Protein chains: 2
Amino acid sequence: MAHGIIHSHLPQVLVVHPPESFSVYQSQYSHKFHFLKAWESPLPLDQFLSTHARNVQAMLSSGISPIKADLLCHLPSLRLVVTPSTGLNHIDLSECRRRGVAVANAGSVASCDVADLAVGLLIDVLRKISVADRYVKQGLWASKTSYPIPLGSKLKGKRIGIIGLGSIGQEVATRLEAFGCSISYNSRKQKPSFSYPFYSSVFELATNSDALVICCGLSDQTHHLINKDVLLALGKEGVIINVGRGAIIDEKEMVQCLVQGDIGGAGLDVFENEPNVPKELFALDNVVLTPHRAAFTHETRASMRELAVGNLEAFFLNKPLLSQVMDN
Amino acid sequence: MAHGIIHSHLPQVLVVHPPESFSVYQSQYSHKFHFLKAWESPLPLDQFLSTHARNVQAMLSSGISPIKADLLCHLPSLRLVVTPSTGLNHIDLSECRRRGVAVANAGSVASCDVADLAVGLLIDVLRKISVADRYVKQGLWASKTSYPIPLGSKLKGKRIGIIGLGSIGQEVATRLEAFGCSISYNSRKQKPSFSYPFYSSVFELATNSDALVICCGLSDQTHHLINKDVLLALGKEGVIINVGRGAIIDEKEMVQCLVQGDIGGAGLDVFENEPNVPKELFALDNVVLTPHRAAFTHETRASMRELAVGNLEAFFLNKPLLSQVMDN
C-alpha cells in the first residue's frame, strides 16, 4: 500500500462516518493528516476500530453520527473529537469528560448563517413567500381574477421571543431589530449585557410573544421545552421558528396544534426524527420546512472545515484548541 | 333607490374598478362617502361616466387600472384621484396636472412591508428556502441518503446595490446592514444624508454588486433600466431582486440570462405583463416568484385604507391632502 507508506509519518485522524463534503477535506488536507476511513473497510466497525484505531488520538466527527460509550470504548488512546457542527447532542460529553477526551466544535462560525435562515423562515411564514412561489410556478396567478393567497402579516412591531441568547440568538435579535420587531428572550440565566426583557419562564415568554425563535441547543433541560402549554400560550396567530434541534419542541403536540389551528404557523429546519418529517405538515401552507440546512452555505462550510483542521493542527502541536467546548 | 336617497347628502366618490378589499371600504366608510360603483352598472363605462359622474370631484383608484386621458375626458369636475398604491405608473400624471387633478397615493405606508419582502426574497434565493420547502414537502428528504439541494450562499459580506434610495430602498438598506451586507446605491441623484457609496451608473453599480435590489418606481427614465449589459455586469453569481415594477427590467433579456446561467438567480414580485409570468422561470430553482404582493399584509392594507380615506376627507374639508404626490 504505497498510499499508506507515503502518509505513515502524518498524524492519524479517525473518520468513522464522513462529514458532508469530506472529499474537500481529503483533497485539501491529506498532506497534513492521514485520514483513517472506517466506512471504507469491509470489517465490522468494532473490529476495524480494535484492529486499526487503538492508537488513534484524534477523530473527525460527521457532525451527526453518535459518539457515545459504545464507540469510545474501542478507542483507548483517543484524546480529541472534532465536530464540524455547532450542536453537540450527538456526542456524549460526560463520557468524553470521563475518558479525558477533549471536544472541539464549530464554535460560532455558523451563527450568522443559522440566524439568516431563522429570519428567512420567519419572513416566509409571515409573508407567505414559499406558498406564493408555488402558486405562481403552477401557473395559477394568470388563471384567476383575484388573489386567493391570504394576506400576510407585517414584521414591524412583532414581539419576538428568542429562546437561547447565545451567538445565534444574538444575531437573530440584531437582524429582527432592524425590521422594527421588539425582542425578548429566555435563556438559562439572564444576560446583563443585553437590555432585552428576560423571561425565566418559556410559558411567560410565549404569552408575550407573536413569534418564538428557538436558537438554543438540545440538552436534558431543553428536551420538549416547547410543550403543549407553551404552544397554546403562543396562540392562534403565533408563529414558531426552530433552528435549534427538533426535540426541543414536543413535535407531536406541535403538529396537532398546527393542524387544529391552535398556533398560526411554523418555520422548521430541524425535526425530532430526521430525516423523517411528520407528513401532516406537508399540506400546510402556513408551515415552511427546510432539511436541517441552516449552516449550508459555501462560505460557512469552508470556514467550518478550516476551523476543524485548525483544531486538529493545534492538537498535534500541543497548542490550545481553537474552539474547545468549554463546559466539557 | 332608497340607498341613493339616504346617501345623497354624502360626498360622492367614483370607483371605476374596485380596489382590493373594497368591501371593507364599504362596510367601514359608507357613512362618510357615497361610493359611485361604475363596475356594477350595466351601462358601458363611458356612458356611465357621462350620465352619472359629470359632477364627481373625487375618485378612488383600484391601484392597478389605468387612469389616462380616455377616462379623464369624461370627468370634467374631477379634482382628486386617490390611489391605495405606492406606484403611480397606472396614472397619467401629466394629464392629471394639465386638468388640475391632484393625486394622492399610499405615501410610505407600505415601505416596510415592501422592504421586508425584498429581503425575504433575497434570503430565499441565496439560502434556497422555497426549493428546500418543496423538497421536504414532496417527501424527498427521507428518501435519499445525501442532500441534493446545492449549498446556499452567505448574506454577510455580500455587496448589495440598491436601485432607488427612497423610503423602500432606505428600509432595505437598514435591514441588510444588520445582516452584515455592505450597501451601495443608484438613484436619480446622490443623497448627501446617506453615507452609502453612490453610483450614477447602474452598470457600474452592477459591476460592484453581488445582488441588485430594485426599489425605484417605473418611469420613462427607469423603463428597461436593467438591460442585458447590466445583467451581464452583475455576473454569474449575481442575484436580482425586483419589488419595483416589472418593466424596470428588460424581462426577455433577464429570462434569457437566467436560463443560460449568465446571472445567478432572481427574486421577483413584479413582472412586465402581470399576471403573465414567463413560463421559462417556472422550472428554475434559483428563481423565487411572488404575485405582486409586497404590500399584502393585514396591517398595511388597513393603513392604506385609512390613508386613502384620510385623503378623501381632507379634500372634502378643503384641507391639505395627507399624501399628495409632490411632483404632480
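Just so it is clear: chains get the letters A, B, ... in the order the sequence lines come, proteins before strands, and each one is counted from 1. Quantities reported herein were computed from a predicted structural model and do not represent experimental measurements.
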When you check the side-chain N and O atoms of [X] and [Y], is any donor under 3.5 Å from an acceptor?
| X | Y | value |
| --- | --- | --- |
| Ser21(B) | Arg301(B) | no |
| Ser167(B) | Ser111(B) | yes |
| Thr297(B) | Thr300(B) | yes |
| Ser65(B) | His90(B) | no |
| His17(A) | Ser61(A) | no |

* Under 6.0 Å between ring centres, would you say that holds for Phe35(A) and Phe22(A)? ->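 Ring centres of Phe22(A) and Phe35(A) closer than 6.0 Å.
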* Could you check whether the rings of Tyr25(B) and Tyr29(B) sit parallel, tilted or perpendicular, using 30° and 60° as the cut-offs? =>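 Geometry flag for Tyr29(B) against Tyr25(B): tilted rings.
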* Contact class of Ala295(A) relative to chain B, heavy atoms under 4.5 angstrom ->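 Only the backbone of Ala295(A) comes within 4.5 Å of chain B.
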* Asked: chain B: which of Val119(A), Val131(A), Leu121(A) shares the most heavy-atom pairs with it under 4.5 Å?
  ->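 Among the listed options, the one with the most contacts to chain B is Val119(A).
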* Select, from Arg134(A), Glu171(A), Glu177(A), the one with the greatest count of heavy-atom pairs under 4.5 Å involving chain B. =>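 Of the options given, most contacts go to Arg134(A).
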* Distance in Å, Ser303(A) OG paired with His298(A) NE2, rounded so as to fall on 0.5 Å steps ->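 It is 13.0 Å, given to the nearest 0.5 Å.
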* Inter-residue atom distance Glu237(B).CD - Asp210(B).CG, 0.5 Å rounding ->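 Here the interatomic distance stands at 9.0 Å.
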* Picking from Asp116(B), Thr290(B), Thr174(B), which has the most non-hydrogen pairs under 4.5 angstrom with chain A? ->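 Sorted descending by pairs with chain A, the first entry is Asp116(B).
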* Of the listed residues (Gly120(B), Gly180(B), Gly267(B)), which shares the most heavy-atom pairs with chain A below a 4.5 Å separation? ->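 When all of Gly120(B), Gly180(B), Gly267(B) are compared, Gly120(B) has the most.
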[X] versus chain A, heavy atoms under 4.5 Å apart: side chain, backbone, both or neither?
| X | answer |
| --- | --- |
| Ala173(B) | neither |
| Val277(B) | side chain |
| Ile123(B) | side chain |
| Asp113(B) | both |

* Mind checking which of residues 278-287 of chain B sit less than 4.5 Å from chain A, heavy atom to heavy atom? ->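 The list, in residue order, reads Leu281(B), Phe282(B), Leu284(B), Val287(B).
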* Taking only residues two or more places apart in sequence, or in another chain, which ones meet Asp269(A) in a salt bridge (Lys or Arg N to Asp or Glu O under 4.0 Å)? ->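 Testing Asp269(A) for salt bridge (Lys or Arg N to Asp or Glu O under 4.0 Å), a comparison that skips the adjacent residues, returns none.
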* To do: With sequence neighbours left out, write down each residue that passes side chain to side chain contact (heavy atoms under 4.5 Å, CB included) with Gln28(A), or none if nothing qualifies.
  =>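 Listed in chain order: Val24(A).
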* Side-chain contact test, heavy atoms from C-beta onward, threshold under 4.5 Å: evaluate it for Tyr185(A) versus Ser209(A) and give yes or no. =>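 They are not in side-chain contact.
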* Using 4.0 Å as the upper bound for N to carboxylate O, is an ion pair formed by Lys137(A) and Asp133(A)? ->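 Yes.
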* **Ala294(B) to Arg127(A) - nearest heavy-atom pair and separation** =>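 For Ala294(B) versus Arg127(A), the nearest heavy atoms are O-NH2, 2.6 Å.
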* In residues 152-161 of chain A, which residues are in contact with chain B at a heavy-atom separation under 4.5 Å? ->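 Under the 4.5 Å heavy-atom cut-off, Gly152(A), Ser153(A), Lys154(A), Leu155(A), Lys156(A), Lys158(A) qualify.
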